[in-house]
Structure formats: C-alpha cells, structure tokens
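Just so you know, ligand 1 is whichever comes first in the structure, and atom 1 is the first atom listed for that ligand. Every value quoted in this text rests on a predicted model; they were computed, and no experiment measured them. Residues take their numbers from the sequence shown, with the count starting at 1.
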Amino acid sequence: MRTLAAFTLGAALALAATSAFADPIVIKFSHVVTPDTPKGKGADKFKELAEKYTEGKVKVEVYPNSQLYKDKEELEALQLGAVQMLAPSLAKFGPLGVKEFEVFDLPYIFPDQAALQRVEDGPVGQKLFQKLESKGIKGLAYWDNGFKVMTANKPLVKPDDYKGVKLRIQSSKVLESQMRALGALPQVMAFSEVYQAMQTGVVDGNENTPSNVYTQKMHEVQKYVTVTNHGYIGYAVITNKKFWDGLPADVRTQLERAMKESTQLANAIAQKENDDALAAIKASGKSEIITPTPEQKKALRTALLPVHKEMESRVGKDLIEAIYKETNVAGQ
Ligand code: LMR
C-alpha cells in the first residue's frame, strides 16, 4: 500500500515537474527592418505580450534587420518551418505566387490611412489572406508602415527627372511598371542590400517610407528626399499554417490576443514614426527634403495613374474595383 502511495505521489510530482519545466514553444520571428521602426516595435510588443499571456509557455525570438534571412529567403524559411513568423511587405508576395497583394503597390490607390484600413479590415483583406493558405501560410494581421518618399542624388520632382534613373524596388511587378511609367530603370533588390548599393552607385535611389530611409541611414548616401506620398508600404504578419494549427487551443487564443494588441500598437505609432524620421532626416542636414507643389504632385499623379489599367491583368480588375469602391476614389 505504502509503495503504491509513494509511487503515485512520485508519478504525480514527475508529471507536475514535466509541465512546469516543459520546453517552451519557440516562435522565431524574423524581419528585415531595425527594432526602431513601426514593424520592429510591433514585433517586440508581440514578443512581450505573447510571453506574458502564455505565462512562459511560448518564447518569441525576434531577429531584426535581416539578421537571419533576406527578403526572399525568409518566405522560403517560413514555408520550411525554419522560422514561425514574419511580417513581409505586401510588395513581396509575388515570388510566392500570390501576386494579388501587389494591388497595394498601385500608385495613389489609397487617398489616406483610413481608406487603407477599411480595405485591410474588410472582405478584400480577408480574401487575400485566404490566398496564402494553399502556400502553407496563414495571415494573422496587417501592420502599417506608411506612405513613400523618393530618394536620389538628384532632385526628383517632375516626371522628366526620373528618366534613366536607376531606382531600387521591392519584388513587385506593379512597382516595376510604376517606375517604367516614369522612364526610370527599376532594379529589384533585397532591402538589406540597398544602403550599400546606394553607396557604391549600383542604384541611384529608391522609394521607401521615411522611417525605413532614416533607420537604414539611406539619407547619409542620398542627397535628396522628395515627399511624394505616391504609394504605400504595409505588412502582412504571417505564420506557418501547420505550426499555427498544431498549437494547443489555449495557447493559440493567447497568441491571438497578443497579436491583436501588438497590431493596435504598431498601427497607432506608424504615422508618428514616419513624421519623426522625416524631421530627423531634415535635422541631420545630410539630405535636402523637397515638398512638391500641388502642380508638381498633380503632374506625377497624371504620369502614374495609367499603371492601374496596365496592371489589371496582373492583380485583377475586380480587385482594383473592389478597392475603388471601398475608398470612394476611382483611379482614373
Ligand atoms: C523594403 O524592402 O523596402 C521594405 O519592404 C522593407 C520593410 O520591410 O519595410
């Protein structure tokens, strides 16, 4: 009897010890920007909340600044299960075979942040996430960065200024078509290589958000920053579907809560991060900030709007029209 009681007690203690000291579930979250950006801060917030809400059952390791993988490699790593979470720019899903996300790259398709939010939160946003599932990927949230500026060593103001200028782009056919509409020479390149390419003259400039320009120190190797706000950069926070579906249900619920709250934070700070970055670039005195006049803005818009029609065959006419409906702005 005593032996049985001792055995039972021993077994119970062993079981308690296993669950108390079980290895945590590790989520490797890889991204390409610095921790000091809207995405970097969102990822760090997710780590803090995920570990708190799961009471240590989950450990999140954030790898910023392309430390683990560059743009294209990180998507492959997610599919293979080498990392569990990413937040690639919406302009980077083409190589995965989900080209519809490139609709977000169409110049001037979003009049403002609020319109963009409606699209992401509505049926369009959800439909795009569904397209990822056949690739073994699950979309968890959309995170904002913001509207783009153009940088180069010459002032880019009139459409003519772009002729023959080598501009780095993300891997999006819509962005390629946008640059060609201006007569520029687009070059697809991983984000981690842009600074050096600018420094060595492999490219003349790029389009990006002020926070990305500033945190990658691009303004130190670019003389001019033109505040065009012609297009948008945002992210899809994604996970390996098999990994996510295989999580214990309670853990998944806690992670969903952490994701919801870190999304709110990332989206709330994005605009300010970009405003602050633009002010910091200006204060550095290294790049001149150019604010186009309303006429100059109009000329750029007129030169870029035909890209919508041209890209119907790439991203789908219905999708473009669904966005027009949501934003109350027709492209033409
Ligand atoms: C870029 O490649 O320019 C951006 O998408 C980087 C990022 O993740 O913001």
the protein heavy atom lying closest to atom 5 (O) of ligand 1 turns out to be Q170 OE1, 2.6 Å
Report the C-alpha separation of E273 and S211 in whole Å, then their side-chain angles, then the decisive distance to 0.1 Å, and conclude whether the side-chain hydrogen bond (donor to acceptor under 3.5 Å, both in side chains) test is met. CA-CA 6 Å; E273 293 286 320; S211 67; over 6 Å; no
To which of E193, M189, K39 does the heavy atom nearest atom 8 (O) of ligand 1 belong? K39
Should the ring pair H308 and Y324 be called parallel, tilted or perpendicular, given that the plane angle runs from 0 to 90° and is split at 30 and 60? parallel
Heavy atoms only, cut-off 4.0 Å: how does N206 contact ligand 1, side chain, backbone, both, or neither? neither
So if I count the atoms of ligand 1 from 1 in the order they appear, which ones are less than 4.0 Å from some heavy atom of N208? 1 (C), 3 (O)
Polar atom proximity, D71 to ligand 1 (N or O, under 3.5 Å): no
If you measure from the Lys or Arg side-chain nitrogens to the Asp or Glu carboxylate oxygens, is any gap between E133 and K135 under 4.0 Å? no
Once you measure the plane-to-plane angle for F129 and Y142, does it fall in the parallel (<30°), tilted (30-60°) or perpendicular (>60°) bin? parallel
Between I281 and V194, is there shared hydrophobic-cluster membership here, with clusters defined by ILVMFWY side-chain heavy atoms closer than 4.5 Å? yes
Proximal atoms of ligand 1 relative to N212 (non-hydrogen, under 4.0 Å): 4 (C), 6 (C), 7 (C), 9 (O)
Going by the atom numbers of ligand 1, which of them fall below 4.0 Å from some non-hydrogen atom of V33? 7 (C), 8 (O), 9 (O)
Candidate with minimal heavy-atom separation from atom 9 (O) of ligand 1, of Y235, W143, F191: Y235
Between R257 and E261, is the closest basic N to carboxylate O distance under 4.0 Å? yes
Y63 ring center near H31 ring center (under 6.0 Å): no
Check R168 against ligand 1 and report side chain, backbone, both or neither, counting heavy atoms closer than 4.0 Å. side chain
For E74, is there an ion pair with K92 - N to carboxylate O distance below 4.0 angstrom? no
Just which atoms of ligand 1 are under 4.0 Å from any heavy atom in S89? 5 (O)
Check ligand 1 against K92 and write out every atom of the ligand that is under 4.0 Å from a heavy-atom position of the residue. 1 (C), 2 (O), 4 (C), 5 (O), 6 (C)
